[in-house]
J.: 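First the structure, then my questions, so here it is.
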Amino acid sequence: MSSSSKVVEEQVLKDLNVERAFKDMQYLVDEIGERLAGTPALSKAAYYIEARLREAGLDEVRIDRFKIYHSYPITAELKVLYPEQRAIEARPICHIASTGPDGISGELVYVGPGRYEDYKGKDVRGKIVLADMTWDPARPEKARIAAEMGAKAIVIMNWGPDEGTYIQMGAIKDVWGNPTPETFVKIPQIVGVSISRSAGLHLRRLWEKFGKVIVWIRAEATREWVYAHQPIGRIRAGTTKTRYFIIIGGHLEAWGKTAICNSSGNSLVLELAGVLAKHKNKLKKDVLFAFWDGHEIAEAAGSTYFVDTHFNELNLYGVAYLNVDNVGIKGTSIPLLRLSDPLLLDFVKPIVEEVFETSAIKTLYMYKGGDASFFGVGVPYVSVYTGYTEEELKKLNYATLSPWLHSEEDTIDKIDRDLFEKHLKFYTVLAIRLANSEVLPYNAPRIADKLLEDLRSLNIAGKEPYFTGVVELAEKLKNLSLELNDYAEKLRKRLEEEASAADRYREAIEITNKCLVKVARNLIHVLRTVAGRYEQDPYDYTFVKKPIPRLYIPVTKLSELAEDTQEFMLWHTKLLREKNSVIDSIQNTIDFLEMALPRIKEKI
C-alpha cells in the first residue's frame, strides 16, 4: 500500500463512531423491532434509513418500491395424539400450504437435518417429518427435499441448548426472489411449523422409544403480493470519473427483536456510508449501499430485484458485493470468510487477519443464501462475521448464528461492542482498498485453478472421463490467466512506486480491468450455479455446493444408471448440453484474453 493510501485509510478510520452506530442499532431494535415486508414497521425502518443517508450527505438516496411475493404467519397448533396426548407450542412457517381449520394428522418421522442422505431407508410418503434446525441444509431446502420425498408436513425444531424454549421464525419458499411462471409451481406445497428445541427433543425421544408417533397440526400463513420499501444510497467517486462501483448491503427485513439479524449489519452499513460520504473526494470508485427488503420471507426478493433491474450495469462495472449480516455476535471469536469464488481471496484474507489480529480464519465458499443474488451475473461476493468454536457449536447443537436468531431474544445485549467495532473497521478497510485499487484486485489464476480442480474431480466421479477436452481448454485458460496476472502485478507495482503512473498507463489499466471482469462474469456462474447467468437457484440448493453444479447433477445420475436404459440416454444428452454451456463460457473467456493481452503488453 502506498503512503498516500495509508493516510486516506487512517483519516477514514479516525472518523468512525461506534457510539453513533449503536444509537442507530438501538433505534432499529427497541423502537421498531420485528419488521416484515409490507408492514408499517418495515416502512418506518426504511424511512429512518433514508433520512440518515440524506443527513450523511450521500450523492443519491432513494427508496425503491416494487412488489414481492410474500407471506405472513397467522396461527399454528401442534398436538401429540399417540403414544401420549400433549399440546406443543408452535408457530407457523411462512409460505406453507395452510391446513384449514380441521388441520391434518399423520405419523411423525425424524429425519435429522433433513438432507437427502437422511431419508435413506425411510418412507415418509404421506407422513410428517421432524427435522433439526441447521444451516445444512437451510429451512427452505429442508422443505423442498421433504416435499420431494412425499411428506405432507414438516416440523422444524430450533437449534441451541437442549433445554431451549425459543421458537425460531422463518419461511420455506425455496424459490429465490420473485417467482416466474416456471418457478412458481416449484414452491413447496407442504405444511410447516416451528417448535422449540426442548419440545423437538421430546418428540424425537418418543419416536425413538415407541417407533410410532402420531401428531395433529393446524397451521395457517398467507401467500400474497406486497410492496417492498428498499433504501438505496450511492456515493459518487470524487477523484476519478469511473463507472466501476462496489455494493455494500445487508437485509433490512428482520424477525424478532432483530439485533443480530440484522440491525447490527444495518447500523454498520449506515455508519460506513456516512464516513465514506465525508471522504468521497478520496475515493476512486462509486460505493452503493443497499438495505434489502424481502429477504426473510420472499427469500432475497430485494437483492434479486436489484440484480434484475441493474443487470447490465452490474455486468459491466460491478466490482464486488460485500454482504453485512450477523456481525458482532456475543460469544463468537472465529472470523468466517465467505466468498463466491477465489478471485478476491488473496486480497481479502490479509485484511481479515490484520483487523481481527488472528490467522485462525475459516474460509468457506458461499452457498445460495445470505443475499447471494449476484452469482449469476458474476459479481464476486464477500462476507465476514465471527462464529463459534467447534466445541461451542456442539454445545449449541450447531446454532451457527446463535440460539437467539429470529426470536424475541435477539436483543441488543447479544451484540459484543468490541467485536462489532472490529467488523466495522474490517468493512471500512476493505471498502477503501477496493475503491482505491486502480487495477482490480482479482487473482485470475485462482479461479482457473478452482475450475480445473472441479473438472478433474468430476472426471474421476464419472463412469468415463467425460471432461478430458474441457480440462485441456481450462488448462489453456489457466495459462492465459497467469499472463494476465503478470501484467496486473506489473501495473500494481508501477502504480505503487509512482502515483502519477496511473495516467500514463490508463489504457493498460482499463484493458486489464476489462479482462479481469470478463473472467469473473464468465466463470463465477459456472462454478456456483445450476441456473446460469440469468436465473436464480433455489435457496441453499443442495447441488450448488457441488463441483460445477450443472455438470455434477448429470454425472452423478449417469454413475447410478445402466448404460442400456432410456434414462441413461436422457441424462447423457443432458450432460452433453450442459458441458457445451461450460465450454462456451471458457472459450469466450479465452477468446477475449487472446485479443486483449497483446494490447496490454504493448501499453505497459
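Remember, predicted model here, so these are calculated numbers, not experimental data.
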J.: Should Glu141 and Arg139 be marked as a salt bridge (charged side-chain N to carboxylate O under 4.0 Å, His left out) after you check the CA-CA gap, both sets of side-chain angles, and the distance that decides it?
T.: CA-CA 5 Å; Glu141 181 70 350; Arg139 188 186 301 103; over 6 Å; no
J.: Determine the interplanar angle of the Trp135 and Trp159 rings, folded into 0 to 90°, and report it as parallel if under 30°, tilted if 30 to 60°, perpendicular if over 60°.
T.: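 Trp135 and Trp159: parallel rings.
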J.: Can you check salt bridge (charged side-chain N to carboxylate O under 4.0 Å, His left out) on Glu354 and Arg433, steps first, answer last?
T.: CA-CA 13 Å; Glu354 173 189 335; Arg433 293 184 190 176; 3.2 Å; yes
J.: Looking at Glu117, I want to see if its CD is surrounded by more than 12 non-hydrogen atoms of other residues, nucleotides or ligands under 6.0 Å.
T.: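 Yes, enclosed.
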J.: Please tell me whether Arg115 and Thr542 have a donor and an acceptor in their side chains that are separated by less than 3.5 angstrom.
T.: no
J.: Is the shortest heavy-atom distance from the side chain of Leu130 to the side chain of Val111 under 4.5 Å?
T.: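 They are not in side-chain contact.
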J.: Is the shortest side-chain heavy-atom distance between Leu206 and Val80 below 4.5 Å?
T.: yes
J.: Decide, yes or no, whether a salt bridge links Asp540 with Lys142 under the criterion of side-chain N to carboxylate O below 4.0 Å.
T.: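 Judged by the 4.0 Å cut-off on N to carboxylate O distance, Asp540 and Lys142 do not form a salt bridge.
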J.: Measure the CD1-CD distance between Ile195 and Gln168 for me, rounded to the nearest 0.5 Å.
T.: 12.5 Å
J.: Using a strict cut-off of less than 4.0 Å between a Lys/Arg side-chain nitrogen and an Asp/Glu carboxylate oxygen, indicate whether Lys394 and Glu392 qualify as a salt bridge.
T.: no
J.: Could you report the tightest heavy-atom contact between Ser373 and Trp176, atom names first, then the distance?
T.: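 In terms of heavy atoms, the two residues are closest at OG-NE1, 2.9 Å.
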J.: Would you mind listing every side-chain hydrogen bond (donor to acceptor under 3.5 Å, both in side chains) that reaches into residues 334-345, with sequence neighbours excluded?
T.: Arg338-Tyr385
J.: Cut-off 3.5 Å, side chains only: do Thr258 and Ser263 have a donor facing an acceptor?
T.: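 Yes, because at least one side-chain N or O of Thr258 sits under 3.5 Å from a partner of the opposite role on Ser263.
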J.: Strictly under 6.0 Å, is that where the ring centroids of Phe347 and Tyr442 end up?
T.: no
J.: With sequence neighbours excluded, tell me which residues meet side-chain contact (heavy atoms from CB on, under 4.5 Å) with Ile361.
T.: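 Listed in chain order: Pro335, Leu337, Lys349, Val352, Glu353, Thr363.
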J.: Would you say CD of Glu89 has more than 12 non-hydrogen atoms from neighbouring residues, nucleotides or ligands within 6.0 angstrom?
T.: no
J.: Ignoring hydrogens, what is the shortest heavy-atom contact between Ile68 and Ala298? Give both atom names and the distance.
T.: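 Scanning both residues, the minimum pair turns out to be CD1-CB, 4.1 Å.
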J.: Just how far is it from atom OG1 of Thr400 to atom CG of Leu336, taken to the nearest 0.5 Å?
T.: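 Separation between the atoms: 9.0 Å.
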J.: Is the closest side-chain heavy-atom distance between Pro92 and Ile74 below 4.5 Å?
T.: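 Not in contact.
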J.: Using every non-hydrogen atom in the two residues, find where Val129 and Ala146 come nearest and quote the distance to one decimal.
T.: CG2-CB, 4.0 Å
J.: Run the salt bridge (charged side-chain N to carboxylate O under 4.0 Å, His left out) check on Glu19 and Arg417 step by step: do they pass?
T.: CA-CA 9 Å; Glu19 294 303 319; Arg417 190 176 291 259; 2.8 Å; yes
J.: Apply salt bridge (charged side-chain N to carboxylate O under 4.0 Å, His left out) to the pair Asp24 and Arg52, showing each step before the final yes or no.
T.: CA-CA 9 Å; Asp24 286 327; Arg52 290 283 289 110; 2.9 Å; yes
J.: Report yes or no: do Asn397 and Asp132 form a side-chain donor-acceptor pair below 3.5 Å?
T.: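 No pair is found: no donor N or O on one side chain lies under 3.5 Å from an acceptor on the other.
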J.: Do Pro188 and Asp174 have side chains that get closer than 4.5 Å, going by heavy atoms?
T.: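 Side-chain contact under 4.5 Å: yes.
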J.: What's the spacing between Phe543 CZ and Ile548 CD1 if we round to 0.5 Å?
T.: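 One gets 16.0 Å once the value is rounded to the nearest 0.5 Å.
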J.: Do Leu36 and Trp255 pass the side-chain contact (heavy atoms from CB on, under 4.5 Å) test, and can you show the C-alpha distance, the side-chain angles, and the key distance before you say yes or no?
T.: CA-CA 7 Å; Leu36 303 183; Trp255 287 107; 3.8 Å; yes
J.: Determine whether Glu299 and Tyr539 make a side-chain contact, defined as any pair of heavy atoms from C-beta on separated by less than 4.5 Å.
T.: yes
J.: Could you list the donor-acceptor pairs under 3.5 angstrom formed between side-chain atoms of residues 318-330 and any protein atom two or more places apart in sequence or on another chain?
T.:
unit_1, atom_1, unit_2, atom_2, d
Tyr321, OH, Gly249, O, 3.4
Tyr321, OH, Trp292, NE1, 2.8
Tyr321, OH, Asn323, OD1, 2.6
Asn323, ND2, Gly370, O, 3.3
Asn323, ND2, Tyr381, OH, 3.3
Asp325, OD1, His251, NE2, 3.3
Asp325, OD2, His251, NE2, 3.2

J.: With rounding to the nearest 0.5 Å, note down the distance linking CD1 in Ile49 to NE2 in His229.
T.: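 Answer for the CD1-NE2 pair, Ile49 versus His229, is 13.0 Å.
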J.: If we count only N and O atoms by modelled type, under 3.5 Å, do the side chains of His525 and Arg550 hold a donor and an acceptor together?
T.: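 Side-chain D/A pair, His525 to Arg550: present.
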J.: Of Lys122, Arg204, Glu208, Arg205, which meets side-chain hydrogen bond (donor to acceptor under 3.5 Å, both in side chains) against Tyr110?
T.: Arg204
J.: Once ring-ring contact (aromatic ring centres under 6.0 Å, His included) is applied, do any residues pair with Tyr69, and if so which ones, sequence neighbours excluded?
T.: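 Applying ring-ring contact (aromatic ring centres under 6.0 Å, His included) to Tyr69 gives His95, Phe184, Trp225.
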J.: Output, in order, the C-alpha distance, side-chain angles, deciding distance and verdict of side chain to side chain donor-acceptor pair (under 3.5 Å) for Tyr367 and Asp136.
T.: CA-CA 10 Å; Tyr367 59 90; Asp136 183 25; over 6 Å; no
J.: Partners of Tyr398 by ring-ring contact (aromatic ring centres under 6.0 Å, His included), sequence neighbours excluded?
T.: none
J.: To the nearest 0.5 Å, what is the distance between SG on Cys94 and CD1 on Ile297?
T.: 4.0 Å
J.: For a quick check under 3.5 Å, do Ser303 and Asp371 share a side-chain donor-acceptor pair by atom type?
T.: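 There is such a pair between these side chains.
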J.: Heavy atoms only: give me the nearest Ala431-Ile246 pair and the separation to one decimal.
T.: O-CD1, 3.9 Å
J.: Under a 4.0 Å threshold between the charged nitrogen and the carboxylate oxygen, would Lys257 count as salt-bridged to Glu34?
T.: no
J.: What I'd like to find out is whether the side chain of Arg91 reaches to under 4.5 Å of the side chain of Met169, using heavy atoms alone.
T.: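 Yes, at least one pair of side-chain atoms sits under 4.5 Å.
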J.: Give the intermediate values and the outcome of side chain to side chain donor-acceptor pair (under 3.5 Å) for residues Arg223 and His70.
T.: CA-CA 6 Å; Arg223 282 176 170 175; His70 190 64; over 6 Å; no
J.: Are the side chains of Ile190 and Ile172 in contact, using a 4.5 Å heavy-atom criterion?
T.: yes
J.: Just to verify, what does Tyr365 make a ring-ring contact (aromatic ring centres under 6.0 Å, His included) with, not counting sequence neighbours?
T.: none
J.: In the structure I gave you, are the side-chain heavy atoms of Val384 and Val355 within less than 4.5 Å of one another anywhere?
T.: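 Answer no - side chains too far apart.
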J.: Testing the basics here: between Lys545 and Pro137, what is the closest heavy-atom pair and its distance to 0.1 Å?
T.: NZ-CA, 4.4 Å
J.: Tell me if the centroids of the rings in His423 and Phe356 come within less than 6.0 Å of each other.
T.: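 Centroid separation for His423 and Phe356: below 6.0 Å.
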J.: Please give me the minimum heavy-atom distance between Ile524 and Gly378, naming the atom from each residue.
T.: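 Nearest pair, atom of Ile524 first, then Gly378: CD1-O, 3.3 Å.
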J.: If we count only N and O atoms by modelled type, under 3.5 Å, do the side chains of Glu31 and Tyr48 hold a donor and an acceptor together?
T.: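 No - no donor-acceptor pair under 3.5 Å links their side chains.
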J.: Would you kindly say whether Ser264 and Lys414 are connected by a side-chain donor-acceptor distance under 3.5 Å?
T.: no
